[in-house]
Amino acid sequence: FAGYTELETESTILGILVDGQPVQSAAQGQVAEVVLAETTLYAESGGQVADKGTIVGAGFSLEVLDVQRPVAGLISHTVEVTTGSVAVDDRATTVVDAANRRAARQAHSATHLVHAALRDTLGSSATQSGSLNRAGYLRFDFSWSQALSTDTRTEIEEITNRAVQDSLEVSTRILTLDEAKDAGAMALFGEKYGDVVRMVDIGGPWSRELCAGTHVSTSAEVGIVSLVGESSVGASNRRIEALVGQDAFRELAAERTIVSQLTSALKTPRDQLPERIAELAANLKA
């Protein structure tokens, strides 16, 4: 995988599968799995969904539908042949959708920030039990047995966005698993790690996790993190959902418009809207 530093790389087609069977080539309109010697397209793992993009070469273009790691060390691209035909041993260039990658990086780094903010607020027992991050959105599951209060949610959101504002440095290091553990890196429960791991720091030890995902260079690139949901996913697990970057801004802008419409329609100042609406509801019920 060459995608940590580059969005494009030249490579060679090593193998093609159609309907699960190895073939020498795939033609326009067919869906196939393609394996290359190198790729910049991120395969779904660690909660981060696969990159979007294309694979292009002399006389062919492939739209990337999915990227997975079916076995350790192997990256497989599910593609649709949109033009021409592709064959084993063809030279090809993998091209990542830059805007989607940028937003996915924001969401993944925001997930680390939310995790650190949770631990600041709830303590070290609030550990990650699962996550999903894609462009503009994150979902974070953590061990906790009760619903979070409104004040606690607000505090987590404020700590997260303060970390964004502080433009914390994001750095990565390749270490042995023992070295990373000695440095205090958080590992995802149930995840299998090799002897050599990638450790991601945001603001030094404040957020230090084992992670193979793609990330921003500084926390300021995350933009905005807006918590939009908190719910139960079992007796001892909670789930936080948040919008990130432009998606968070659009959600906040939409809520601002709604509030503006309500203040105008009810001829009520914004800070008095809850009481006014409660009064109207009580009158309607009566």
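Heavy atoms only: backbone and side chains are in, while hydrogens, waters and symmetry mates are out.
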Check: When you check the side-chain N and O atoms of Thr127 and Ser143, is any donor under 3.5 Å from an acceptor?
Finding: yes

Next item on the list: Go through the structure and list residues passing side chain to side chain donor-acceptor pair (under 3.5 Å) with Arg162, not counting sequence neighbours.
Entry: none

Next item on the list: Show your working on side-chain hydrogen bond (donor to acceptor under 3.5 Å, both in side chains) between Glu33 and Ser76 and close with a plain yes or no.
Entry: CA-CA 6 Å; Glu33 285 186 70; Ser76 177; 2.7 Å; yes

Check: Do Cys211 and His112 come close enough that some side-chain heavy atom pair is under 4.5 Å?
Finding: yes

Item checked: Partners meeting side-chain contact (heavy atoms from CB on, under 4.5 Å) with Gln48 (sequence neighbours left out) -> Tyr42, Ala104, His108, Asn133, Thr214

Check: In the single-linkage hydrophobic clustering (I, L, V, M, F, W, Y; side-chain heavy atoms under 4.5 Å), do Leu118 and Leu243 co-cluster?
Finding: no

Check: Taking only residues two or more places apart in sequence or in another chain, which ones pass side chain to side chain donor-acceptor pair (under 3.5 Å) with Thr268?
Finding: none

Margin query: Do Thr78 and Val64 make a side-chain contact, defined as non-hydrogen atoms from C-beta onward lying under 4.5 Å apart?
Written below: no

Next item on the list: Just jot down the side chain to side chain donor-acceptor pair (under 3.5 Å) partners of Glu230, sequence neighbours excluded, or say none.
Entry: Arg238

Note to self: My understanding is that only residues two or more places apart in sequence, or in another chain, count here; which of them pass salt bridge (Lys or Arg N to Asp or Glu O under 4.0 Å) with Glu80?
What the structure shows: none

Check: Who are the salt bridge (Lys or Arg N to Asp or Glu O under 4.0 Å) partners of Arg198, not counting sequence neighbours?
Finding: none

Check: Looking at His115 versus Phe142, is the centre-to-centre ring distance below 6.0 Å?
Finding: no

Notebook entry, point to check: Which residue pairs satisfy the salt bridge (charged side-chain N to carboxylate O under 4.0 Å, His left out) criterion with at least one member in residues 113-128, sequence neighbours excluded?
Noted result: none

Note to self: Test of understanding: with salt bridge (Lys or Arg N to Asp or Glu O under 4.0 Å), list the residues that count as partners of Arg239, not counting sequence neighbours.
What the structure shows: Asp141

Notebook entry, point to check: Listed by chain and number, what are the side-chain contact (heavy atoms from CB on, under 4.5 Å) partners of Thr54, not counting sequence neighbours?
Noted result: Val56, Val95

Notebook entry, point to check: Honestly curious: do Leu168 and Met199 fall in one hydrophobic cluster under the side-chain, below-4.5 Å linking rule?
Noted result: no

Notebook entry, point to check: Does the salt bridge (charged side-chain N to carboxylate O under 4.0 Å, His left out) test come out yes or no for Glu221 and Arg105, once each step is laid out?
Noted result: CA-CA 9 Å; Glu221 294 177 42; Arg105 289 167 56 204; 3.7 Å; yes

Next item on the list: Indicate whether any N or O donor in one side chain lies under 3.5 Å from an N or O acceptor in the other, for Ser260 and Thr263.
Entry: no

Note to self: Applying side-chain contact (heavy atoms from CB on, under 4.5 Å), can you list everything that pairs with Thr40, at least two apart in sequence or on another chain?
What the structure shows: Ala2, Glu6, Thr9, Thr94, Val96

Check: Just checking, any donor-acceptor pair under 3.5 angstrom between side chains of Thr39 and His77?
Finding: yes

Notebook entry, point to check: Where do Gln106 and Ser109 land on the side-chain hydrogen bond (donor to acceptor under 3.5 Å, both in side chains) test, with the steps shown first?
Noted result: CA-CA 5 Å; Gln106 289 176 311; Ser109 295; over 6 Å; no

Check: Can you list the residues that meet the side chain to side chain donor-acceptor pair (under 3.5 Å) rule with Gln68, with sequence neighbours excluded?
Finding: Glu44, Asp66

Next item on the list: Return the set of residues passing salt bridge (Lys or Arg N to Asp or Glu O under 4.0 Å) with Asp247 (not counting sequence neighbours), or none when no residue passes.
Entry: Arg250

Margin query: Looking at Ala117, is its backbone amide N or carbonyl O close enough to the side chain of Thr160 to form a donor-acceptor pair, meaning the two atoms are under 3.5 Å apart?
Written below: no

